[in-house]
2 protein chains.
Amino acid sequence: MKFIVRDTDYAVRALVYMAKQSLSKNKKVFTVDEVVREEGLPGRFLRKLLQTLAKRGLLVSNKGKKGGFSFLKPPASIKLTDIMEAFQGRVDITNCLLKGRPCPNKKKCILRKTLKNINKLIQRELEKITVVSLLEGR
Amino acid sequence: MKFIVRDTDYAVRALVYMAKQSLSKNKKVFTVDEVVREEGLPGRFLRKLLQTLAKRGLLVSNKGKKGGFSFLKPPASIKLTDIMEAFQGRVDITNCLLKGRPCPNKKKCILRKTLKNINKLIQRELEKITVVSLLEGR
DNA sequence: AATTAATGATACTAAAATAGTATTATTAAA
DNA sequence: TTTAATAATACTATTTTAGTATCATTAATT
Ligand code: FES
Ligand code: FES
């Protein structure tokens, strides 16, 4: 069950690395190459991911020499769900209908109800997790 | 987020149809062709799915003229999770590690803990849902 | 001004997963 | 013997995922 896709995973690794350096060494700007060296991720791919995060307003990017990516939002305020939404849309396990055909009993469908409830819970729990909480474990 | 795959979906439709006929008309044996006619599913594909359910011990199959599939387990005792497991393995959203690389902080990883808890809850909830509860909405 | 080191945008491609089809064998009733 | 069903398994097409390549833009350094 692919709940967290690779894009999200790579992006989280990158952000956690950046947050770590940022908090411990007060480092501000990170090039893709640096993150790639440290985390062993595919470079061109990660670049695309960080671009996406910049478009989403989590990071800022600066072109040219001495350029790179830095946090726009502080890492303690970046939720896991923010990152997931950037790459995989909102958490939604309620899509129980395939090919547009309705379930046999849509209105009183117990599965639909159950999935909706579970989904809310998942969202609530994942929103508690931030880049810093991944780094620090709390 | 593909939580329920198409195989499961088709199989559920088939089983719900069969349960309905079984409960209302005391019908026992169903050919693939009948289900396909009624539910509009791809025939050869559904046959493969019902074969899987038979191997799993949910249905029995009978070859030859007047053959077909019938319930081995009563539909009220067939859980959604039984069907899901047949086609997509156990419900497991905890696979947060990709490409075998560990997360930055595996032992005290808050995401891991959160996902494990959520997963238990999902399993508990989905186990309450059976073929008959899908049919009846409770 | 030229060079260099960075990201931006976008198109392309390879690999894997998903969904579905085809073929041949087996079985049992009529 | 024919017919109507499933069994097994191989094959194929489509879609998604993952990743690469190319060229453009930008800003600091020399
Ligand atoms: S299975 Fe989705 S509405 Fe019932
Ligand atoms: S993200 Fe899986 S153990 Fe931390």
Side-chain angles (χ1 to χ4, degrees), chain A residues 1-14 18 27-37 39-72 84 86-89 95 98-101, chain B residues 1-14 18 27-37 39-72 84 86-89 95 98-101:
Chain A
M1 182 111 24
K2 207 173 308 173
F3 186 68
I4 292 179
V5 304
R6 190 166 302 190
D7 293 25
T8 303
D9 184 278
Y10 286 177
V12 167
R13 287 167 201 267
M18 288 166 64
K27 201 167 180 323
K28 290 271 181 280
V29 179
F30 303 84
T31 68
V32 170
D33 278 357
E34 175 187 348
V35 178
V36 160
R37 262 196 314 279
E39 294 293 321
L41 303 171
R44 294 170 195 275
F45 194 47
L46 182 63
R47 191 161 123 205
K48 206 165 51 171
L49 302 181
L50 296 190
Q51 281 175 16
T52 300
L53 294 177
K55 277 185 190 153
R56 281 257 159 182
L58 308 184
L59 300 179
V60 279
S61 68
N62 286 102
K63 282 184 180 178
K65 225 168 184 177
K66 301 280 178 189
F69 292 88
S70 39
F71 286 107
L72 178 55
M84 291 177 76
F87 298 110
Q88 41 189 116
N95 184 7
L98 297 173
K99 295 181 91 174
R101 284 203 258 101
Chain B
M1 182 111 23
K2 207 173 308 173
F3 186 68
I4 292 178
V5 304
R6 190 165 299 191
D7 292 27
T8 303
D9 184 278
Y10 286 176
V12 166
R13 287 167 201 267
M18 287 167 65
K27 201 169 182 317
K28 290 272 182 278
V29 179
F30 303 84
T31 67
V32 169
D33 278 357
E34 175 186 349
V35 179
V36 161
R37 261 196 316 280
E39 294 293 321
L41 304 172
R44 295 171 195 275
F45 194 47
L46 182 62
R47 193 161 117 201
K48 204 166 53 172
L49 302 181
L50 297 189
Q51 280 174 17
T52 301
L53 295 177
K55 277 187 190 150
R56 281 256 159 180
L58 309 183
L59 301 177
V60 278
S61 67
N62 287 102
K63 284 183 180 179
K65 226 168 186 177
K66 301 283 178 186
F69 291 89
S70 39
F71 286 107
L72 179 54
M84 291 178 76
F87 298 111
Q88 40 189 116
N95 185 7
L98 298 174
K99 296 182 90 174
R101 284 204 257 102

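Since we're looking at a predicted model, the values are computed, not measured. Chain A is the first sequence line, chain B the second, and so forth, proteins listed ahead of strands; every chain is numbered from 1.
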For A:Tyr10 and D:dG19, is the shortest distance between a side-chain N/O and OP1 or OP2 below 4.0 Å?
-> yes
What residues 51-61 of chain B contributes to the DNA chain D interface at heavy-atom separation below 4.0 Å is B:Gln51, B:Lys55, B:Ser61
Pick the nucleotide of DNA chain D nearest each of B:Gly67 and B:Lys48; which residue has the one closer to the 5' end?
-> B:Gly67
Give a yes or no on whether the backbone of A:Gly57 and the side-chain of A:Lys55 come within a donor-acceptor separation of less than 3.5 Å.
-> no
Given side chains that start at C-beta, do those of B:Arg47 and B:Gln51 come closer than 4.5 Å, heavy atoms only?
-> yes
From CG of A:Leu50 across to P of C:dA6 the rounded distance in Å is 14 Å
What is the distance, rounded to the nearest whole Å, between atom CZ of B:Phe87 and atom C1' of C:dA19?
-> 13 Å
Determine, stepwise, if the pair B:Arg37 / B:Asp33 fulfils salt bridge (Lys or Arg N to Asp or Glu O under 4.0 Å).
-> CA-CA 6 Å; B:Arg37 261 196 316 280; B:Asp33 278 357; 5.4 Å; no
Figure out the CD/P separation between A:Gln88 and D:dT16, and round it to whole Å.
-> 15 Å
Round to the nearest Å and state the distance from A:Leu46 atom CG to D:dA18 atom P.
-> 14 Å
Between C1' of C:dA19 and CG of B:Leu41, the distance in whole Å = 13 Å
For atom CZ of A:Phe45 and atom C1' of C:dA14, their distance in whole Å | 13 Å
Does any non-hydrogen side-chain atom of B:Phe3 lie less than 4.5 Å from one of B:Met84?
-> yes
Roughly, in whole Å, what's the span from CE in A:Met1 to C1' in C:dA17?
-> 15 Å
For nucleotides 24-30 of chain C, 5' to 3', base contacts (B), sugar-phosphate-only contacts (S) and non-contacts (-) with protein non-hydrogen atoms under 4.0 Å give --BBBBS
Would a 4.5 Å heavy-atom cut-off, applied to side chains only, mark A:Asn62 and A:Val29 as touching?
-> no
Flag yes if more than 12 heavy atoms outside A:Lys66 fall under 6.0 Å of its NZ atom; otherwise flag no.
-> no
Check the distance between C:dA19's C1' and B:Ile4's CD1 and give it to me in whole angstrom.
-> 17 Å
Hey, does A:Leu49 have a side-chain heavy atom less than 4.5 Å from the side chain of A:Thr52?
-> no
Quick one: are B:Lys2 and B:Gln88 in side-chain contact, heavy atoms under 4.5 Å?
-> no
Looking at B:Leu53, B:Leu59, B:Val60, which hits side chain to side chain contact (heavy atoms under 4.5 Å, CB included) with B:Phe71?
-> B:Leu59
